[in-house]
Amino acid sequence: MNYRKLLGLSLVTMALGAAAPACAQTAFPQGPMTLVIPFSPGGSTDVIGRLLAEKMGAALGQSVIVENRPGAGGNIGASLVARAKPDGHTLLLGTTGVLAVNEFIYANPGYSVERDLTPVAYTASISNVLIVNKDLPVTNVAELIKLAKAKPGQLSFASSGAGSSTHLSGELFKRMADVDIMHVPYKGSGQALVDLVGGQISMIFDNAPSAVPMAQSGKVKALAVTSMKPLPALPEAPTLDQAGLKGYESLSWTGIVAPKGTPPDVIAKLNATLNTILADKGVQQRMAELGAQTTGGTPQDFTAHMQAERAKWGKLVKEAGIKAN
C-alpha cells in the first residue's frame, strides 16, 4: 500500500473515531423503571403518578412500577431518588412541597433539589379544594370562618405533610381569614381523607384529583377552590377569592425529576415522552375531570418554575414561622 493510501485510511479512521463519542447514545430503558411517589396511596400525587406511569410504560416499552415511599413531607421518597443510580430508571414525582418548600421548613431534609436532582418535566398544575366533613354545620366559606372564630383552636385541618401545598393552603387561609385552626399533618392525603369522612378532622385543602371524587360522591362537602378560576368539575364551588378572601390563590403542581448525573440524552428522551403523553387529548380530559391541567415544556422551563415557586412560598414560610414538627 502506498503512502498516500495509507495516509487517507488513517485520516478516515481518525475522523470516525472522533465522531463516535458524539453519536453514542445511552440505550434506554434497559429494564423496568420505578416512579417513586413520596406520599401514601390514594392521594392526589398517587392518582396522577399512576396515570403517568401507565402511559410511560406503554410509550417506552417497559413496565413503570409505582413505589409509594411516604413520610417527612415527602423527604423520604425524595432522598431515595436522590441516592439512586443516575441512569433514568428511578424517577420521582415531586410536588410543590418536595421541590420548592421543604428546604425552608426542615433543618435536614436529606436531599437538595439543586444538588441532587435533575428536572425532567413539569407535568400538572392543580387547584386545591376546601372540603369539610359532611356533618360540619356550615354550607359556605363565610359560615366556616364564623364557626372557626367562635371556636378558636377547636377546628382542625389536615395536610399531606408539613410544607405541602395542602398545608400552605391552610396556613394562607388562616392568615387571610384571621382564624385559629389546628394543623394535623399526615404522610399523604389518603389517610387524611379517611379521617375527614370519619369526623376525626374538620377539613382539608386537598388536591383536586383526590378531592373532586370525594365531593362528587357526597362523602364530603366542597366549599371552595384555591385557584382564581372555578373548576369545571365542581361548578357549584366558588373560588376563595369569590367567597370573600380577595386575592387568595394557592396552586399545587407535580413534576418528574431524576437523580443528578442522569445522562442528558436520557433526560431528553424522558422529557419528549412525557410531553407526548401530556399532549394526548385523553390524558388531558382525564386530568381535567380530576381538576388538574397538564403542563409540559422543557427541563429548563421546569427549572424556572421551581425557582419562582421557591421564592413565593419561601417568603410565606419565613413570615409565618412555619417549621416541621
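When a residue number appears, it is its place in the shown sequence, counting from 1. Just so it is clear, the structure is predicted and the values come from calculations on it, not from any experiment.
For the residue pair Ser44/Ser210, the side-chain donor-acceptor check at 3.5 Å is not satisfied. For the residue pair Asp46 and Asn68, a side-chain donor N or O sits within less than 3.5 Å of a side-chain acceptor on the partner. Between the side chains of Asp280 and Gln284, no donor-acceptor pair is found at a separation under 3.5 Å. Between the side chains of Ser79 and Asn75, no donor-acceptor pair of N or O atoms lies under 3.5 Å. Side-chain contact annotation: Thr254 with Thr123, donor-acceptor N/O pair under 3.5 Å present.
In this structure Glu236 satisfies the salt bridge (charged side-chain N to carboxylate O under 4.0 Å, His left out) test with no other residue, sequence neighbours excluded. Scanning for side chain to side chain donor-acceptor pair (under 3.5 Å) contacts around Ser112 gives an empty result, with sequence neighbours left out.
The pair Glu143-Lys146 does not count as a salt bridge, with every side-chain nitrogen at least 4.0 angstrom from each carboxylate oxygen. Ion pairing of Glu319 with Lys315 is present here, as a side-chain N (NZ or NE/NH1/NH2) and a carboxylate O approach within less than 4.0 Å. By the 4.0 Å N-to-carboxylate-O rule, Glu114 lies too far from Lys260 to be salt-bridged with it.
Annotation: the span from Ile126 atom CD1 to Gln293 atom CD amounts to 11.0 Å, rounded to 0.5 Å. Of the inter-residue distances, the one linking Tyr122 atom OH with Thr298 atom OG1 reads 13.0 Å to the nearest 0.5 angstrom. The CG atom of Leu172 sits 9.0 Å away from the OG1 atom of Thr226 when rounded to the nearest 0.5 Å.
Residues Asn128 and Ser252 share a closest heavy-atom pair of OD1-CB, 3.8 Å. Between Pro32 and Ile65, the shortest heavy-atom contact is CB-CD1, 4.4 Å. Closest approach of Ala158 and Ile204 over heavy atoms only: O-CG1, 3.3 Å. Closest of all the heavy-atom pairs between Asp87 and Val266 is O-CG1, 3.9 Å. Here the closest non-hydrogen pair linking Thr294 and Leu278 is OG1-O, 3.3 Å.
Under the 4.5 Å side-chain criterion, counting only non-hydrogen atoms from C-beta, Gln285 is in contact with Glu289.
Aromatic rings from Tyr248 and Phe173 are positioned such that their centres are separated by 6.0 Å or more.
Checked by atom type and distance alone, the side chain of Glu309 never pairs as donor or acceptor with a backbone atom of Gly97 at under 3.5 Å. Using a distance-only test at 3.5 Å, with no hydrogens or angles considered, a donor-acceptor pair links the side chain of Lys149 to the main chain of Ala177. Panel note: side chain Gln30, backbone Ala27; a donor-acceptor pair is recorded below 3.5 Å. At distances below 3.5 Å, not a single donor-acceptor pair connects side-chain atoms of Thr90 with backbone N or O atoms of Thr34. Although no hydrogens or angles enter the test, the distance criterion places a donor-acceptor pair under 3.5 Å between the side chain of Thr96 and the main chain of Trp253. Put simply, the side chain of Asp206 never gets that close to the backbone of Val129: no donor and acceptor are under 3.5 Å apart. Judged by distance alone, with hydrogens and angles left aside, the side-chain atoms of Tyr106 form a donor-acceptor pair with the main-chain N or O of Ala72 at under 3.5 Å. Counting only distance, with no hydrogens or angles, the side chain of Lys174 and the backbone of Ile181 share a donor-acceptor pair below 3.5 Å.
A parallel orientation is assigned to the rings of His167 and His183, their planes being inclined by less than 30° (bins at 30° and 60°).
Residue Asn133 forms a side-chain contact (heavy atoms from CB on, under 4.5 Å) with just one option from Val197, Leu196, Ile201, and that option is Leu196. Each of Thr45, Thr166, Asn207 was checked for a side-chain contact (heavy atoms from CB on, under 4.5 Å) with Ser160, and the lone residue meeting it is Thr166.
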